[in-house]
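Notes for the one structure printed next.
Nothing here was measured: the structure is a model prediction, and the numbers come from that model.
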Amino acid sequence: MRLTLKIWRQAHSAERGAMHTYEVDDVSPDMSFLEMLDVLNEDLHTKGEEPVAFDSDCREGICGTCSLMINGEPHGPEVTTTCQLHMRSFTDGDTIVIEPWRADPFPVIKDLVVDRSAFDRIIQQGGYISVNTGAAPDAHATPVPKDKADRAFDVATCIACGACVAACPNGSASLFLGAKITHLGELPQGQAERDTRVVNMVAQHDAEGFGGCTNIGECAAACPKEIPLDVISRLNWDLHAAMRHGH
């Protein structure tokens, strides 16, 4: 395949960026999207030009590092991460527009790389269990109903990629926040800090500059791990309960 790529280039956060156009040839349909970008960068390097900076790590759809806007959609046209998107999703002669996440709390570092440490700071405010839950052999000491264990496991698959923020017209991280709150709130080990967790994490979410949720649903549609929208209802329920308890 021969493709035209329109890619956002920006040297650093203080400099204005712009779209640049590149042509890539001999793209195999079996390549991943990131492998296609590797081919482009090899060509740019050979020509003595600056390669396009983009994030990647596991390339197995696990870590969420490879976050890109592709033709206006977070991670592209398939429900998966960018690294698991294959070029067979496109056709010969296509023009593909590639941009970084667009959200104020995710400032551009360079080209397609953004700083998502705002998510780390939200997690630091309560996205963990600090009480002693014992070692691995003690796992059966605290029974967990199967429906709650399944629910906790399902929402714990959130990889904090930020697609929900990029898709949301308000730049809200409520789906990410709701997944973390629901995951820990379903487990008996998470009850000791349940109220303070949700209050502190929501406060940090707002302090980082993420927008409010207006229940549009674009976040859930864009989520590569298909986190359901109802985790936001759980988030709101827990927040209201914590406020009633005086937090």
- [ ] Look at Asp238 together with Arg234 and state whether they make a salt bridge at an N to O cut-off of under 4.0 Å.
- [x] yes
TODO: Tell me, yes or no, whether the heavy-atom count around His45 atom NE2, taken from other residues, nucleotides or ligands under 6.0 Å, exceeds 12.
DONE: no
Open item on the list: Tell me which one of Val198, Asn200, Val199 satisfies side chain to side chain contact (heavy atoms under 4.5 Å, CB included) with Val202.
Closed with: Val198
Open item on the list: Check Asp43 with Lys47, please: is the shortest side-chain N to carboxylate O separation under 4.0 Å?
Closed with: yes
TODO: Give a yes-or-no answer on whether the side chains of Gln189 and Thr142 include a donor-acceptor pair shorter than 3.5 Å.
DONE: no
Open item on the list: Do the side chains of Glu49 and Arg9 get close enough for a salt bridge, i.e. N-O under 4.0 angstrom?
Closed with: no
TODO: Report yes or no: does Asp25 contribute a side-chain atom to a donor-acceptor pair with the main-chain N or O of Arg2 at less than 3.5 Å?
DONE: no
- [ ] Can you see which heavy atom on Ile159 is nearest to which on Pro224, and at what distance?
- [x] CD1-CG, 4.4 Å
Open item on the list: Run the side chain to side chain donor-acceptor pair (under 3.5 Å) test against Gln10 and tell me which residues pass, sequence neighbours left out.
Closed with: Trp8
Task: Side-chain (His183) to main-chain (Ala152) donor-acceptor, under 3.5 angstrom - done: no
Open item on the list: Taking Ile232's backbone N and O only, do any of them form a donor-acceptor pair with Ser174's side chain (distance below 3.5 Å, no angle check)?
Closed with: no
Open item on the list: Given 3.5 Å as the limit, does a donor-acceptor pair link the side chain of Gln191 with the main chain of Gly185, or not?
Closed with: yes
TODO: Examine distances only and state if a side-chain atom of Arg59 and a backbone atom of Cys83 form a donor-acceptor pair shorter than 3.5 Å.
DONE: no
Task: Donor-acceptor pair between Ser32 and His86 side chains, under 3.5 angstrom - done: no
Task: Backbone N/O of Ile122 and side chain of Glu208: donor-acceptor pair under 3.5 Å - done: no
- [ ] Could you tell me how the ring of Phe210 sits relative to the ring of Phe119: parallel (under 30°), tilted (30 to 60°) or perpendicular (over 60°)?
- [x] tilted
- [ ] Might you confirm whether atom CE of Met243 has over 12 heavy atoms from other residues, nucleotides or ligands at distances under 6.0 Å?
- [x] no
TODO: For Arg116 and Thr65, indicate whether the former's side chain and the latter's backbone hold a donor-acceptor pair under 3.5 Å.
DONE: yes
Open item on the list: Is it true that Asn236 and Ser233 share a donor-acceptor pair across their side chains at a distance under 3.5 Å?
Closed with: no
